[in-house]
Amino acid sequence: METLKQIAFKLCILAIGIIGLNYFYKATLWQKDLNLYSGINKSVKMAQNAEILYLGDCSDSYFGPNSNKEKGIGQLLDSLTPNTRITSISETGFHAGMFAGILNSLPEDNNVKTVIVTMNLRSFSANVLYAFTANATEQRTRMLNSNPPLLNRFLLTFKPTKMHKGIEMKKIVLKKQKKDPIPLAPYNSLHEWRTAFENGTYISFDGSWTAKKKKLAVGHINNYAFQINPKTNPRIADFDNIVLIAKKKKLRLIFHLLPENLSKTKELIGKDLTDIINFNRTFLHKRYASDGVIIIDNMDLLKDVDFIEELPNSHFYYNGRKKMAKIVADFLMDEKLNNKAL
Amino acid sequence: MEIKSLYFVLFLPATVLVYYLFPKQMRWFPLLVSSLIFTTFNSISSSIVLLTVILLNYTHSHQFKKIKREKNRQLFLWLTILINLIILSLFKYYNAINRSSNLISDLIQINNPIPHIELLLPLGISYYIFQAIGYNIDIYRETEKPENHLGNYAVYLSFFPKLIAGPIEQAKDFLPQLRGNITLQYQNISNGGRLILWGLFKKVIIAEHVNEFIQPIFNSSENHTGISLLIALLLYTIEIYADFSGYTNIAIGSARLFGIELTLNFKQPFFSASLTDFWRRWHISLSTWVNNYIYTPLSMWTSITFNLKKWGIIFSVFLSFLILGIWHGSNLTFAFFGGIQGIILSYEILSQKLRKQLSNNIPGLLYKGTSTVLTLMAFAFSCIFFKANGINQAFLWIRQVNPFQASTLPDLNLIYAAISAIVFILIDHILFKNGFEKWCGSKNIVIRWLVYLLLLFMIITQSSVNTYPFIYSNF
């Protein structure tokens, strides 16, 4: 018994010591590490003086080859709303997990009143969730979790994200595509549907079906044929976390649902796939509207010509980005005219 | 399961808790189960191989007493050793043999007769196979009685703190502890914790940081010659030491939490005045094993059979260290590493008288200092083969390491790293000569806790985000 008391006493000292170390770390090395491992320190500094913060993914940072100097959606939005300070933070590979971290890192004395968060339907699919860029970003979000800073630093090293690459990554995606159900009888999973499509048992291929067109169609199935399960989908957990942080920080939250090339999807696969897309779209509206989140839905805003690639992606030409920015800007201006606080 | 992982940080205390909740005579059970969980984390095949080796050697060890004729006992021992070596070789050398066979088959244009199977090295196989062989030899020699309790025997081979990279325990040291009356003692918990902390510091702060400085030099060795490469090489020996002795500290510390003492594996090796002395202080459990089960019987055999005295010893030393080298892996470089040790040790045997005379004519401190530096340089030189991926690379480094040729100036950061590493060795070898845990025990509570918190802080905040497995876990 005496031994147990001694051990318990020392464990208490250790716990107090660790709490002290956490404060010491926060006051000394934390900011440096945050910048080093998550690379968002600069962004957060920029963000804290903005009235509206636009958080974007690759849609806001990739504009096609040799087009680096073009403006992103957030910047276009800023130019369309001259009397409002809008700052955009975006990077390729950014996703809701990273956005939650950025919001979490906003200091108490910030000026931000409204946050517009990019919501990308494809980012809920296994195809995107387990891609390598997502892995790498996952590692960066470690330091942005709402844990005590010392615990985040500990987890960064002692629980590193597994960087799945190549065949290993494909296996993980395939496993999810085989396991996760889809609302399309008689096919129970994306894998079953894709197999039926490839075998020609879902639709019979006529002469117009070239190898390229088939590959493109499979790309659309891979990106859209899923049903969001709120209990298991990690992206839902990320968006839920954003809602919680926004409530805690008293921020008004807008989700900007990005355009998808729906006309192409319909042309290639047909109503079955657009129905699944709309099913997930409605789900997202319902889930977050009840939390008081405003959803600006631009999903069917753009035509085929506005998309940079043929395969589903969130990369848009200038005109496409400008159309989106205009819709969001109009919404913000209407709100302002109606005297609603931004 | 990686030692430097959240899983291990949670797994170890949970196992300790469960262990002490079990009745004393049943404590082998949580140890065995946790060891199997630990192994299965690596791969299920690792656990299957481990269990096979346990059952095989347990059964064999009980056969010796049933065999009456000495000749048959001897044959049975050889059979036991052979089976163990076949298992070890299958996993350790099969892939290399297959690759060589492939090359030869291509040259003479026939089909490779060896089937292509990529075998993964089961966790800790080199260590527990050596333990099992040593145990059977002890039973044969009747210096040890066969363990009747299968659970205890299974823990002897599989005990997870020492599974990845030893120490290679002798049955006479380990098994009596399991049979004994282990109680929860504060001293064991506190010393165990201190050793784990110091081991983690060595691994995470010293070894990994040294690696990050020197690896780029080895990666682009064509741009680094002379002094830079020499410093990198000397730092590499410190990296191996910090990495391996760090692991050993964690292993000994973890075992102590269960009230079990493991063998000391290092004893200030960088202060050795000769390579003979060095191998009494470096990877002690392996060199003891080699001494007990290879060198001694071999030198006795050469002495009795061929009446070879000094040359018999030299032959035995060389062969023992060659085997020690090959034990590390199938790459030819390891044979060179062992062979070099053998050559230098043979030279030390032959020059014993000469060195004795020299030591009488030179001031003690100068002689000892020079010997220590030369020993370190000799070991560092052999480490070229330990580090290199192939013989060609090793010889390239040897050509480039010549400090007298026109050389690139060492980077300032490399010099800082070297100074820090030397300071670490001095602290480790002088201040903590009797063990970090004892040093802590001798300090007052404030200093002690400041040291703990400082180490903990450094381990958490200065550890690399890259994953570096323990060097010796690859063997």
Side-chain angles (χ1 to χ4, degrees), chain A residues 1-39 135-145 147-165 167, chain B residues 1-13 16-17 20-21 182-194 196-197 200-201 203-205 208-209 212 250 256-257 259 440-441 445-446 448-469:
Chain A
M1 200 59 195
E2 195 53 39
T3 307
L4 283 177
K5 271 186 195 168
Q6 261 181 313
I7 295 169
F9 177 65
K10 292 295 161 67
L11 286 177
C12 286
I13 299 183
L14 183 65
I16 294 167
I18 291 173
I19 292 168
L21 287 184
N22 180 55
Y23 281 106
F24 182 67
Y25 177 60
K26 200 173 176 181
T28 54
L29 304 171
W30 169 239
Q31 285 301 323
K32 189 181 128 258
D33 282 355
L34 195 62
N35 203 29
L36 184 67
Y37 298 113
S38 72
N135 281 186
T137 316
E138 195 68 41
Q139 175 97 346
R140 291 172 65 183
T141 56
R142 271 280 146 75
M143 291 296 277
L144 302 170
N145 288 341
N147 301 319
L150 194 66
L151 179 60
N152 279 345
R153 181 64 183 86
F154 169 77
L155 292 175
L156 183 74
T157 315
F158 282 73
K159 197 182 172 234
T161 309
K162 281 200 171 170
M163 296 291 188
H164 301 296
K165 280 184 190 171
I167 296 169
Chain B
M1 189 185 297
E2 291 282 337
I3 297 280
K4 185 193 152 188
S5 73
L6 177 68
Y7 304 113
F8 189 73
V9 171
L10 299 173
F11 176 78
L12 183 63
V16 171
L17 190 70
Y20 283 110
L21 288 175
I182 296 173
T183 51
L184 174 65
Q185 283 179 23
Y186 173 72
Q187 210 53 37
N188 280 337
I189 302 291
S190 115
N191 283 340
R194 287 168 186 165
I196 293 171
L197 194 64
L200 269 174
F201 176 82
K203 164 68 181 163
V204 168
I205 303 298
E208 291 189 354
H209 283 264
E212 288 189 347
I250 296 169
R256 212 167 281 181
L257 298 180
C440 284
I445 189 164
V446 179
R448 213 158 62 210
W449 274 90
L450 279 176
V451 171
Y452 298 158
L453 292 176
L454 177 70
L455 292 183
L456 197 62
F457 187 73
M458 289 184 77
I459 290 166
I460 296 175
T461 65
Q462 301 303 310
S463 53
S464 169
V465 287
N466 300 318
T467 312
Y468 299 105

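In the text below, chain A, chain B and the rest are named by the order of the sequence lines, each starting its count at 1.
Using a distance-only test at 3.5 Å, with no hydrogens or angles considered, a donor-acceptor pair links the side chain of A:Asn22 to the main chain of A:Leu150. Listed for the A:Arg153 side chain is a donor-acceptor partner under 3.5 Å among the backbone atoms of B:Ser463.
Of the two parts of B:Leu184, the backbone and the side chain both hold a non-hydrogen atom closer than 4.5 Å to a non-hydrogen atom of chain A. Proximity to chain A (any heavy atom under 4.5 Å) is shown, for B:Glu2, by neither the backbone nor the side chain. When heavy atoms are compared at a cutoff of 4.5 Å, B:Gln462 approaches chain A by way of both its backbone and its side chain. A:Leu29 touches chain B through its side chain: at least one heavy atom from C-beta onward sits under 4.5 Å away, while N, CA, C and O do not. For B:Ser190, no part sits under 4.5 Å from any heavy atom of chain A, backbone or side chain.
Here A:Phe158 and A:Phe154 bring their ring centres to under 6.0 angstrom of each other.
Of the options B:His209, B:Lys4, B:Glu212, a side-chain hydrogen bond (donor to acceptor under 3.5 Å, both in side chains) to B:Ser464 is made by B:Glu212 and by none of the others.
The shortest heavy-atom contact between A:Thr3 and B:Gln185 is CG2-C, 3.8 Å.
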